[in-house]
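In what follows, chains carry the letters A, B, and so on, assigned in the order in which the sequence lines appear, proteins first and then strands, with residues in each chain numbered from 1.
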Protein chains: 2
Amino acid sequence: MTENTVLTKLLDLAVELIQTRGYNAFSYRDLSREIGIKTSSIHYYFPSKEDLGKAAMARYRENFNQSLSRIDSAVQAPTEKLMRFSELASGTLKSCDKICLGGMLASDFHTMPDSIREQVRGFYNDNEAWITKVLKSGCEQAVFNFEETPEKMAQAIFALLEGAIISARIFKDESRFHASMNSINALLTSKP
Amino acid sequence: MTENTVLTKLLDLAVELIQTRGYNAFSYRDLSREIGIKTSSIHYYFPSKEDLGKAAMARYRENFNQSLSRIDSAVQAPTEKLMRFSELASGTLKSCDKICLGGMLASDFHTMPDSIREQVRGFYNDNEAWITKVLKSGCEQAVFNFEETPEKMAQAIFALLEGAIISARIFKDESRFHASMNSINALLTSKP
DNA sequence: AGCTACCTATCTATGAGTAGGTAAAACGCG
DNA sequence: CGCGTTTTACCTACTCATAGATAGGTAGCT
């Protein structure tokens with residue numbers, strides 16, 4: 001089952017806190033209060049905040065990649081895959097108090113150590129690569145038709161998703177996210 | 001000309017610092033160092049950080065609205081207007097170390113007082129309203145053709161822009177931004 | 001005289017991080 | 001098996017830096 005060690009509890013909570021408040025607005029104290037161990041004990045698991053941040057992004061990234069694999073084995077049609085992807089993204093919103101961890105850390109980018117930055121870029125790369133793959137197969141099957149390269153189009157789609165999650169949160173309006181999703185379909189069948 | 005009072009210097013620097021580092025990762029001390037007055041003196045101009053944050057977002061918003069007006073009087077064609085808008089947005093990137101202030105504060109949303117939140121939402125509303133207006137006139141002139149409502153489409157475009165700025169920064173690659181721009185055109189002529 | 005635009009000095013809270021201690025579980029070995 | 005040694009998983013008690021904010025002072029202009 002899901003391991004419920006203190007370590008994973010710390011990591012899960014860290015992920016959640018960063019998603020809601022950002023890297024610079026959460027502290028070992030916040031974790032301490034919630035988990036019920038002292039801040040010094042958290043340093044036992046994560047010597048520095050950098051370690052924690054890196055592990056949190058790595059975990060999130062890993063989970064995301066697993067979800068992408070599950071989509072791959074669950075459905076085959078490219079359109080369906082993209083729909084599942086957007087559902088996955090909308091799931092991170094969760095009652096409009098969290099945004100994507102990748103998007104959050106991308107915003108905090110200039111205040112973060114290199115090891116975390118690499119994880120963030122890796123997360124972007126993972127997702128864009130997956131979308132690119134889907135787009136390519138969609139083009140081969142002639143269900144998609146667009147002018148840009150699949151790579152560039154994947155970047156645009158992912159940027160749209162990240163931006164839409166952020167705007168959905170500030171307006172407490174999930175429909176903002178779903179509306180953006182619909183326009184993706186338009187994006188992908190644009191050529192005359 | 002541009003007023004160069006201490007107040008405006010503070011405000012300009014605050015805007016820049018928030019754009020690069022975020023609301024929770026900049027301090028009165030940073031301003032103090034750069035401007036050359038003590039932190040306590042900054043409280044003379046902005047009693048609380050909330051006041052400063054609110055004023056910074058308000059100033060940025062105002063400047064942006066002025067730029068939008070300038071676009072309106074400079075060019076008439078909807079396609080041209082959108083192109084200018086995207087150039088405006090790309091201008092905020094500036095050597096890939098800053099993102100849009102609105103996008104940054106939208107990420108920091110959950111850690112901010114209400115008065116700033118209102119400004120952020122206002123900024124989003126201003127921009128989306130302007131884009132909506134352009135889209136509508138583009139539809140009337142039959143240069144645009146899409147299925148979604150202009151309002152929803154404007155939301156998507158603005159989300160795409162915000163997301164693209166963020167991703168351009170983390171990869172230090174402005175072309176990421178411009179690529180996303182190109183896909184907007186595709187978005188707007190999608191109907192068969 | 002009073003306002004403007006600063007200053008010094010200080011407060012309280014919080015940040016990450018370290019030093020060093022300890023009870024209990026796990027481990028190695030004769 | 002049992003005894004000593006590590007290791008694990010915490011703790012208390014601190015450090016030092018920084019945060020935003022306040023009190024009260026002052027030089028100079030109006």
How many whole angstroms separate atom [atom1] of [X] from atom [atom2] of [N]?
X       : N      : atom1 : atom2 : answer
A:Tyr23 : C:dA16 : OH    : C1'   : 10 Å
A:Ile37 : D:dT12 : CD1   : C1'   : 14 Å
B:Lys54 : D:dG20 : NZ    : P     : 17 Å
B:Arg21 : D:dT18 : CZ    : C1'   : 13 Å
B:His43 : C:dT8  : NE2   : C1'   : 14 Å
B:Lys9  : C:dA5  : NZ    : C1'   : 13 Å
B:Tyr45 : C:dC3  : OH    : C1'   : 13 Å
A:Leu17 : C:dG15 : CG    : P     : 12 Å

| said: For A:Tyr28 and A:His43, take the angle between the two ring planes, folded into 0 to 90°, and tell me which bin it lands in: parallel under 30, tilted 30 to 60, perpendicular over 60. | reply: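 The arrangement is tilted - the two ring planes meet at 30° to 60°.
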
What nucleic acid atoms does [X] come within less than 4.0 Å of, heavy atoms only: base, sugar-phosphate, or nothing?
X       : value
A:Phe46 : nothing
B:Tyr44 : base
B:Ser40 : base
B:Ser27 : sugar-phosphate

| field | A:Lys94 with A:Asp97: basic N within carboxylate O range, under 4.0 Å | value |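 A:Asp97 and A:Lys94: not salt-bridged.
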
| field | B:Glu151 and A:Arg176 ion-paired at < 4.0 Å | value |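 Result for this pair is no, no salt bridge flagged.
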
Do any side-chain nitrogens or oxygens of [X] fall under 4.0 Å of OP1 or OP2 in [N]?
X       : N      : result
B:Arg29 : D:dG20 : no
A:Lys49 : C:dA16 : yes
B:Ser41 : C:dC7  : yes

| message | Restricting to non-hydrogen atoms, name the atom on B:Ala89 and the atom on B:Ile165 that form the minimum distance, rounded to 0.1 Å. | response |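 That closest heavy-atom pairing would be O-CD1, 3.7 Å.
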
| said: Quick check with a 6.0 Å cut-off and a 45 degree axis cone: is B:Lys54 positioned over the face of B:Phe46's six-membered ring? | reply: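 That pair does not qualify as a cation-pi contact.
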
| said: Side chain of A:Val6, heavy atoms from C-beta onward: which of C:dT8, D:dA21, D:dC10 has the nearest atom to it? | reply: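 So the side chain of A:Val6 is nearest to D:dC10.
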
